[in-house]
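Encoded as C-alpha cells, the structure appears first; notes follow it.
For this chain, numbers begin at 1 and follow the sequence in order. Source: prediction; values computed, not measured. Atoms within a ligand are numbered from 1 in the order they appear, just like the ligands themselves.
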Amino acid sequence: MPSGGGDGAHLSALNEDVVAREIAAEQAHVDRVYGELAKAVERVQLVHAEGMARGQTDRAGTGDPREEEMAGLYERDALVFTASRRQASLQHQHEGLVFGRLDLDHAAEGQPADREVRYVGRLGVRDDDYEPLVIDWRAPAAAPFYRATPVDPQGVLRRRVLRSQGELVVGMEDDLMVAEAPDDLVVVGDGALIAALTRARGQRMRDIVATIQQHQDEAIRASARGVTEITGGPGTGKTVVALHRAAYLLYSDRRRFESGGVLVVGPSAAYTAYIERVLPGLGEDSVVLRSVGDLVGGITATRNDPPDAAAIKGSLRIRAVLGRLLREPAPDTPELLRAFVGGHAIRLDKPVLDRVRRAVHRRHQRNNSYEVALRELAEAAWTQVRGHDPEPVRDGDREQFLDKFEDSGDVEAFAREWARPIDPREALLWLADPATATRLAGDLVGQESADIFSASLRTALETGTWSVSDVALVDELAARLGAMVDLPSEERGFYEVEELDDASQYGVAALRVGTDRDQAVGAGSLPSDGSGERISHDPRDRLMAGRVTAADEYAHVLVDEAQDLSPMQWRMLGRRGRWASWTVVGDAAQSSWPDAEESLVAREEAFGSSVRRHFHMRTNYRNAREIFEYAERLIRRYVPDADIPDAVRDTGVEPREVPVAAEGVAVAEAVAAAVEELSEEVAGSIAVIAPQRWTPDLAGVVGRHDGRVVLIDPLSSKGLEWDATVVVDPEAIIEESPGGPRVLYVVLTRAAHRMTVLQVG
Ligand SMILES: Nc1ncnc2c1ncn2[C@@H]1O[C@H](COP(=O)(O)OP(=O)(O)OP(=O)(O)O)[C@@H](O)[C@H]1O
C-alpha cells in the first residue's frame, strides 16, 4: 500500500516550475553518478585489455606454450572473466540506475536538524573520495527506503521515487513520512506504487526495486537459513518478491550462494520465459532458471498429461511400481550362460541367474554393479563346479577359477548384455507394453490406473515427447539405478584397434548408430549436443536422445507455484536441495494437484527439519478490483476458505461477458472481435486463454497482431499476466483441467486492466 503522509503539500498540479526545478536538481546528481559510472566502465575496460595482453605467446598455433605463458593464460582468463561480468552488470543496470532518494533527519526530538540525503539505486557507486553517491538497494542502509512508514518513519522525512528514461529523470513521486514537511522539502506526485501498477505490462515481468512495499521487503530480506514460505492470493507479488529475494541472498552472502548455486523452479516454459529478465536486470546472472519439465539434465518436457494420467504418475504410490522396474530384467536379457572355464563346462540357467541378480541388486545400484555382478556369477559358477566335482579343493583353486571365469571372453560377452547399465528412460518405457504394466503395476495401483499409465507412455512413444510428469519418474529411476556408465572397454586385438582408428576418420559415432545394443540402451545413438547433433525422425530415438545426468545440487532452491507440485516432483526437487535453504511460494486456491495432503508429506521430507518462517501477502497488485471481484465470486463457490487478497486499483470497468454459439467459426469470430476491442483499450499485452478444444480454431486470429497478442492454454497461463485477457469457454476450462475450478480461478486472475469472458454454448 502507498504510505503517503501530509496531503496538503502535493504540488503535482500546482506548480510546474517547482516540479521542473526538482527534476533539474535530481538530474544534476544523477549526472554525477553516470559520470562516475563512465569512469568505472573505463577502468573495467582497461582491466579487460590488460587481461587480454597477459598470456600472449610467441608460440601461437604451435599448441605448445611455455609454463610461464600458461600461468599468464590462466590469469588472463580470470581477469577477462571478472571484467566481462562487471561490464555486463554495469550495462544491464544502466537504465534507471538511480531510482530513489531519502531525506533523513537523525536529530533526536527537540534537537536541531541533522539532515542527510541518501540515494538508492540498482548498484552502489562511490566518488573519487570513496563517498557513496548511490547505495545498492540491497544494502542495509537502503532498508529505510522500503521500511519507513508514517507510523514508523525510521528517521525518514520524505521518500522520493525517481522516474527515468535512459539517463534522464522525467518525473518523481513522493511519500511524506512526517505530518508536516520542512519548508525546503516539496512533495510531488501521488505515490509511486499506483503509478507503477497503472502502467502497461510488457511481454516480460519487470523488477519492482523502486516500489517494493514494507511487508514485501520483510520477506525479501528474511534470513537465508531454513525454509521461507511466502503465501498469498493471486497477484500479491509472491513471484516478484521471491525473485528479489534471490537477488538479495546473492548480495548478502555472495560466496555461499554464487558458488553453491541458486535454482529457481517454475511451472512451465512460458513462466520461465516470462520472468527470465528480472534477475539479470538486477545484475544477477548466476541463477539457474528451470521449469519442472526441464529440471533433469538430458530430458525436456513441455507436454502435460491428461489429469488422470498426471494424478497416477505424480502420486507416491508409483514408487513401488518403479521399485519393481529396478529389479526387472531388460526385455532382451540373455537367460542362459554357457562358458568353458578351466576345463569345466559352466551352465547357469535362469533360476540361478535371477537369484544372482536379486542378490546383487539388493545391495548395489543396478548401474554401478557390473563388477559385483561378474564376481557373483563367478561364485555361482564355482558352486556349480564344486557340486559336480568330488575332488578336495586345493589352496588357490577357488581364486584361480574365479579369475579365469572373469577373464573368459564368453563370460564377458554374456555379462555385458546381462548386466548392462539401464537408461532410466528405457526402463520407464517398458511399461508402455500393456502386459508389463499389468504385471508390474496392476496390483499396486489398480488395473484401470495401470492401463492409463501404460497408454500415456505409448503416447510418448508415438509423439516422441515426454510429458512433464514423466520427468520426475525418470529422475527417481535415475537416482535409484545410478548414473549411466560406460562398461570397461572391451579388450581388442591389434587389428581391431587399427580398424577402429581408420573408421574414426569417417565418424565412428555415425557408424555405430543402429547396432542392436545402441538401440536397446538408447544411449549414444543420438548425441543431443555438440557438433554431431542430428534430429531423428524416429520418435523413440527422440525420447532417448542425449544422456540423463545425475541431479545437480544447489545452495538455495526457490520454488514458485509450489501448490502445483506433485509428491513425485517434490522428491525430484528434494534431490537438488539436500543441503539447501528454500524459498517456497504458493497459493492453495490456485492448485491443480488433487491430493494436497500427500504433496505436503513429500514436501516436508524434502525440507527436512530446518527452521521455517512464513510471510503472508494480502494485497493484490495485479488485477483491477472489478476483475478480481469477478474471479472471487467464482472461487468462493468452490473453495469457501480461499485466501482472498484486497485489490487496490479501480478502473470503473466491469469484465465483459459475451455469449457465443458452440461452434468453431463463431468462437473464432467472437475472439477476434474481443481482441480488436481490447487492443483499442489497453496499450500493452493481450492473451487469449482457451481450452484445448477451441485452440485449433484460434491460431489464425492471434497471428494477426504481431506479437502483442498470444494464445495460451489455461495451465501455461499460471504465474503470468497481461494487460487484458479474453477467457474462452470457462466451463470447458473447468472440464479439461486437473484442478477444475481452481485452474479457472488462475485464468480469471491474469488480467491487469481489462477482461472479456466468452460464454460458449
Ligand atoms: N511493490 C510493487 N510495486 C509494483 N508492482 C508490484 C509490486 N508488487 C507486485 N507488483 C506487481 O504485481 C503483479 C503481480 O505480481 P506477481 O506475479 O509476483 O504475483 P503473484 O502473487 O506471484 O501472482 P499469482 O499467484 O497470481 O501468479 C506484477 O505485475 C508485479 O510486478
> Salt-bridged, Glu736 to Arg693, with N to O below 4.0 Å?
Replying inline: yes
> Could Arg612 and Glu604 be called an ion pair, given the rule that one side-chain N must be under 4.0 Å from one carboxylate O?
Replying inline: yes
Exercise answer: donor-acceptor pairs, residues 232-247 side-chain atoms, under 3.5 Å, sequence neighbours excluded:
{"unit_1": "Thr236", "atom_1": "OG1", "unit_2": "Gly233", "atom_2": "O", "d": "2.8"}
{"unit_1": "Lys238", "atom_1": "NZ", "unit_2": "Gly232", "atom_2": "O", "d": "3.0"}
{"unit_1": "Lys238", "atom_1": "NZ", "unit_2": "Gly233", "atom_2": "O", "d": "2.8"}
{"unit_1": "Thr239", "atom_1": "OG1", "unit_2": "Asp560", "atom_2": "OD2", "d": "2.6"}
{"unit_1": "His244", "atom_1": "ND1", "unit_2": "Val240", "atom_2": "O", "d": "2.7"}
{"unit_1": "His244", "atom_1": "NE2", "unit_2": "Ile208", "atom_2": "N", "d": "3.1"}
{"unit_1": "Arg245", "atom_1": "NE", "unit_2": "Thr583", "atom_2": "OG1", "d": "2.9"}
{"unit_1": "Arg245", "atom_1": "NH1", "unit_2": "Ala219", "atom_2": "O", "d": "3.4"}
{"unit_1": "Arg245", "atom_1": "NH1", "unit_2": "Ile220", "atom_2": "O", "d": "3.3"}
{"unit_1": "Arg245", "atom_1": "NH1", "unit_2": "Ala222", "atom_2": "O", "d": "2.8"}
{"unit_1": "Arg245", "atom_1": "NH2", "unit_2": "Ser223", "atom_2": "O", "d": "2.9"}
{"unit_1": "Arg245", "atom_1": "NH2", "unit_2": "Thr228", "atom_2": "OG1", "d": "3.1"}

> In chain order, what residues pass the side-chain contact (heavy atoms from CB on, under 4.5 Å) check against Ser566, with sequence neighbours excluded?
Replying inline: Met568, Gln569, Trp593
> Name the residues in contact with ligand 1, where contact means a heavy atom under 4.0 Å away: which are they?
Replying inline: Leu193, Leu197, Arg201, Met205, Ile208, Thr211, Ile212, Gln213, Gln216, Gly233, Pro234, Gly235, Thr236, Gly237, Lys238, Thr239, Val240, Glu561, Gln590, Tyr621, Arg622, Gly719, Glu721, Arg750
>> Suppose we screen for ring pair (Phe, Tyr, Trp, His ring centres under 6.0 Å). Which residues come up paired with His616, at least two apart in sequence or across chains?
In response: none
> Sub-3.5 Å donor-acceptor pair from the side chain of Arg622 to the main-chain atoms of Thr749, do we have one?
Replying inline: yes
